K.L.:
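The following block contains the structure, expressed as structure tokens.
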Amino acid sequence: MTRKQLPEAMAILRRDVPTWDVPVVRLNAQDDHDPYRVLISTILSLRTQDQTTILASERLFKLADTPQVMLQLDVQTIENAIYPVGFYRTKAPQILEMSRRILEEFGGRVPDDIDTLLTLHGVGRKTANLVLSEGYGVPAICVDTHVHRISNRWGYVKTKDPYETEMALRKKLPKAFWIEYNPSLVALGQYVCKPASPICSQCPVADFCKRVGVQRSR
DNA sequence: AAAACGGGGGC
DNA sequence: GCCCCAGTTTT
């Protein structure tokens with residue numbers, strides 16, 4: 001989601017507030033649903049900004065966007081391609097290792113159940129749930145830092161632990177929302193409901209929000 | 001110049 | 001629970 005798409009997302013968000021208990025954005029420009037590319041770009045995205053992730057993903061996928069081709073690359077090539085994301089020294093070997101397992105153990109197909117996904121080194125709950133929801137269209141609640149922070153600010157959950165947030169949202173949210181919940185809140189979280197000094201005056205769900213823990217806002 | 005920012009694994 | 005991983009962006 002880019003800055004340009006935000007106004008449209010906000011319009012949809014606003015429109016849906018009265019209809020849904022929790023606001024939902026439908027991202028019309030659906031980028032990429034290939035499970036392997038979702039998996040790899042999510043690995044790249046860990047602890048890094050979105051713009052950087054997009055850049056690095058494009059550079060890497062020009063070289064390889066299937067496990068077969070990825071395994072032809074050596075580690076330094078991958079490290080060079082993904083360099084700006086940081087943690088490239090851990091991420092590059094992980095990408096090779098999970099590509100090898102996907103090819104050898106799963107016939108070249110990214111696993112589509114959470115327990116198997118979690119056995120991949122470098123894949124935690126955030127990554128696994130994103131692969132399920134974005135890659136396979138399987139209802140899964142992906143709690144990244146935006147979902148965690150905003151859900152708490154809304155007063156929708158009350159916990160420091162992202163896993164608790166996931167479990168709480170699983171009970172509170174209708175399953176039909178699960179897939180869209182994450183991209184909606186990511187869009188909101190990047191430009192409006194920011195970690196520090198959120199722009200509450202521009203937020204389409206300011207009425208809905210309890211502003212738990214929000215100190216300085218505009 | 002310094003702090004903030006984004007998940008996961010090892011121990 | 002605490003520490004490590006490494007860059008970009010904001011203050």
Side-chain angles (χ1 to χ4, degrees), chain A residues 1-4 6 31-32 35-60 75-102 110-111 113-135 140-153 157 159-170 181-200 202 213-218:
Chain A
M1 162 136 300
T2 65
R3 191 176 291 273
K4 278 185 176 177
L6 186 63
D31 336 287
D32 192 353
Y36 183 72
R37 287 194 295 269
V38 171
L39 171 64
I40 300 304
S41 59
T42 305
I43 295 299
L44 298 185
S45 79
L46 301 181
R47 297 284 282 190
T48 108
Q49 318 283 107
D50 266 29
Q51 295 308 323
T52 311
T53 303
I54 292 168
L55 262 286
S57 298
E58 285 172 354
R59 283 171 54 171
L60 181 59
V75 196
Q76 293 100 311
T77 305
I78 299 178
E79 285 181 1
N80 288 342
I82 71 175
Y83 171 77
V85 302
F87 301 110
Y88 51 88
R89 225 162 57 259
T90 50
K91 288 174 181 176
Q94 282 176 351
I95 288 169
L96 276 177
E97 164 67 7
M98 67 181 67
S99 298
R100 189 191 59 77
R101 288 196 58 207
I102 288 166
V110 176
D113 69 283
I114 188 157
D115 291 326
T116 311
L117 281 168
L118 289 174
T119 69
L120 296 174
H121 205 259
V123 174
R125 297 201 67 85
K126 186 259 184 179
T127 307
N129 281 319
L130 197 64
V131 168
L132 290 178
S133 59
E134 295 290 306
I141 292 181
C142 173
V143 178
D144 65 1
T145 185
H146 294 295
V147 170
H148 186 62
R149 178 182 69 254
I150 297 174
S151 297
N152 273 283
R153 280 182 179 169
V157 301
T159 172
K160 279 273 151 198
D161 179 8
Y163 182 71
E164 271 186 46
T165 296
E166 185 187 333
M167 292 306 140
L169 291 177
R170 183 183 292 273
Y181 196 73
N182 171 275
S184 304
L185 268 56
V186 170
L188 188 63
Q190 282 184 334
Y191 305 119
V192 179
C193 196
K194 298 184 287 187
S197 54
I199 314 172
C200 296
Q202 289 179 27
V214 174
Q215 299 142 342
R216 322 188 312 280
S217 71
R218 296 185 293 149

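Just so it is clear, the values below take in all heavy atoms, side chains as well, and ignore hydrogens, waters and symmetry mates. Protein chains get the first letters and strands the later ones, always in sequence-line order, with residue 1 at the start of each. It should be emphasised that the depicted structure is a prediction, and the values quoted were computed from it without experimental measurement.
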K.L.:
Under a cut-off of 3.5 Å for both distances of each Watson-Crick or G-U pair, what dot-bracket string does DNA chain B give, using [ ] for crossing pairs and | for inter-strand pairs?
P.N.:
|||||.|||||

K.L.:
Atom CD1 of A/I40 and atom P of B/dG7: how far apart are they, to the nearest Å?
P.N.:
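Rounded to the whole Å, the gap is 17 Å.
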
K.L.:
A/L130 CG to B/dG7 P: how many Å, rounded?
P.N.:
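After rounding, the gap between these two atoms is 10 Å.
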
K.L.:
Mapping A/V85 and A/Q49 onto DNA chain C by nearest heavy atom, which one lands closer to the 5' end?
P.N.:
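It is A/V85, whose closest nucleotide lies nearer the 5' terminus.
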
K.L.:
Please check this pair: side chain of A/K91 against backbone of A/L44, looking for a donor-acceptor N/O pair closer than 3.5 Å.
P.N.:
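At least one qualifying donor-acceptor pair exists.
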
K.L.:
Between A/F87 (CZ) and B/dG7 (P), how many Å, whole number?
P.N.:
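These atoms are roughly 11 Å apart.
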
K.L.:
With sequence neighbours excluded, what pairs up with A/Y83 under the ring-ring contact (aromatic ring centres under 6.0 Å, His included) test?
P.N.:
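For A/Y83, the residues satisfying ring-ring contact (aromatic ring centres under 6.0 Å, His included) (neighbours in sequence not counted) are A/Y88.
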
K.L.:
Could you state the atom-to-atom distance from CG of A/L55 to C1' of C/dG7 in whole Å?
P.N.:
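Computing the A/L55:CG to C/dG7:C1' distance gives 13 Å.
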
K.L.:
Quick one: are A/S57 and A/I40 in side-chain contact, heavy atoms under 4.5 Å?
P.N.:
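Not touching, per the 4.5 Å side-chain cut-off.
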
K.L.:
Where do N or O atoms of nucleotides 8-11 of chain B meet protein N or O atoms at under 3.5 Å, pair by pair?
P.N.:
residue : atom : partner : partner atom : Å
B/dG8   : OP1  : A/G124  : N            : 3.1
B/dG8   : OP1  : A/T127  : N            : 3.0
B/dG8   : OP1  : A/T127  : OG1          : 2.6
B/dG8   : OP2  : A/K126  : N            : 3.4
B/dG9   : OP1  : A/G122  : N            : 2.8
B/dG9   : OP1  : A/V123  : N            : 3.2
B/dG9   : OP1  : A/V123  : O            : 3.3
B/dG9   : O3'  : A/H121  : NE2          : 3.2
B/dG10  : OP1  : A/H121  : NE2          : 2.6

K.L.:
So, is A/Y88 near the phosphate of C/dG7, with a side-chain N or O under 4.0 Å from OP1 or OP2?
P.N.:
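Yes, because at least one side-chain N or O of A/Y88 sits under 4.0 Å from OP1 or OP2 of C/dG7.
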
K.L.:
Mind listing the closest non-hydrogen atom pair of A/A128 and A/L117 along with its distance?
P.N.:
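Closest pair (atom of A/A128, atom of A/L117, distance): O-CD1, 3.7 Å.
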
K.L.:
Check the distance between C/dT8's C1' and A/K91's NZ and give it to me in whole angstrom.
P.N.:
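So the NZ-C1' distance, A/K91 to C/dT8, works out to 12 Å.
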
K.L.:
Between B/dC5 atom P and A/Q51 atom CD, what is the distance in whole Å?
P.N.:
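Roughly 18 Å, once rounded to whole Å.
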
K.L.:
Side chains of A/N182 and A/S133: closer than 4.5 Å at any heavy-atom pair?
P.N.:
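In short, these two side chains do not touch, never coming nearer than 4.5 Å.
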
K.L.:
Regarding A/E166 and A/N129, do their side chains bring together a donor and an acceptor under 3.5 Å, going by distance alone?
P.N.:
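Side-chain D/A pair, A/E166 to A/N129: present.
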
K.L.:
Taking the side chain from A/S41 and the backbone from A/V38, do they hold a donor-acceptor pair closer than 3.5 Å?
P.N.:
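It does hold such a pair.
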
K.L.:
Starting the side chain at C-beta, find the nucleotide from B/dC5, C/dT11, C/dT8 nearest to A/A196.
P.N.:
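Among the listed nucleotides, the one closest to the side chain of A/A196 is B/dC5.
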
K.L.:
Side chains of A/T53 and A/T48 only: does a donor on one sit below 3.5 Å from an acceptor on the other?
P.N.:
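Side-chain D/A pair, A/T53 to A/T48: present.
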
K.L.:
For A/N80, give me all partners under side chain to side chain contact (heavy atoms under 4.5 Å, CB included), at least two apart in sequence or on another chain.
P.N.:
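Applying side chain to side chain contact (heavy atoms under 4.5 Å, CB included) to A/N80 gives none.
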
K.L.:
For A/M98 and A/L120, work out which heavy atoms get closest and say how close.
P.N.:
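Looks like CB-CD2, 4.2 Å.
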
K.L.:
May I ask you to say what A/T90 touches in the nucleic acid, namely base, sugar-phosphate or nothing, with a heavy-atom cut-off under 4.0 Å?
P.N.:
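Here A/T90 touches no strand at all.
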
K.L.:
In whole angstrom, what separates A/E79's CD from C/dC5's P?
P.N.:
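To the nearest whole Å, that distance equals 14 Å.
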
K.L.:
Nucleotides 1-3 of chain B: which of its N/O atoms have a protein N/O under 3.5 Å away?
P.N.:
none

K.L.:
If you round to the nearest 0.5 Å, how far is CZ of A/R153 from SG of A/C200?
P.N.:
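One gets 7.0 Å once the value is rounded to the nearest 0.5 Å.
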
K.L.:
Separation of A/Y191 atom OH from C/dT9 atom P, in whole Å?
P.N.:
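Nearest whole value for this atom pair: 12 Å.
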
K.L.:
Considering residues at least two apart in sequence or located in another chain, which fulfil the salt bridge (Lys or Arg N to Asp or Glu O under 4.0 Å) criterion with A/R149?
P.N.:
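In terms of salt bridge (Lys or Arg N to Asp or Glu O under 4.0 Å), with neighbours along the sequence ignored, A/R149 is linked to no residue.
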
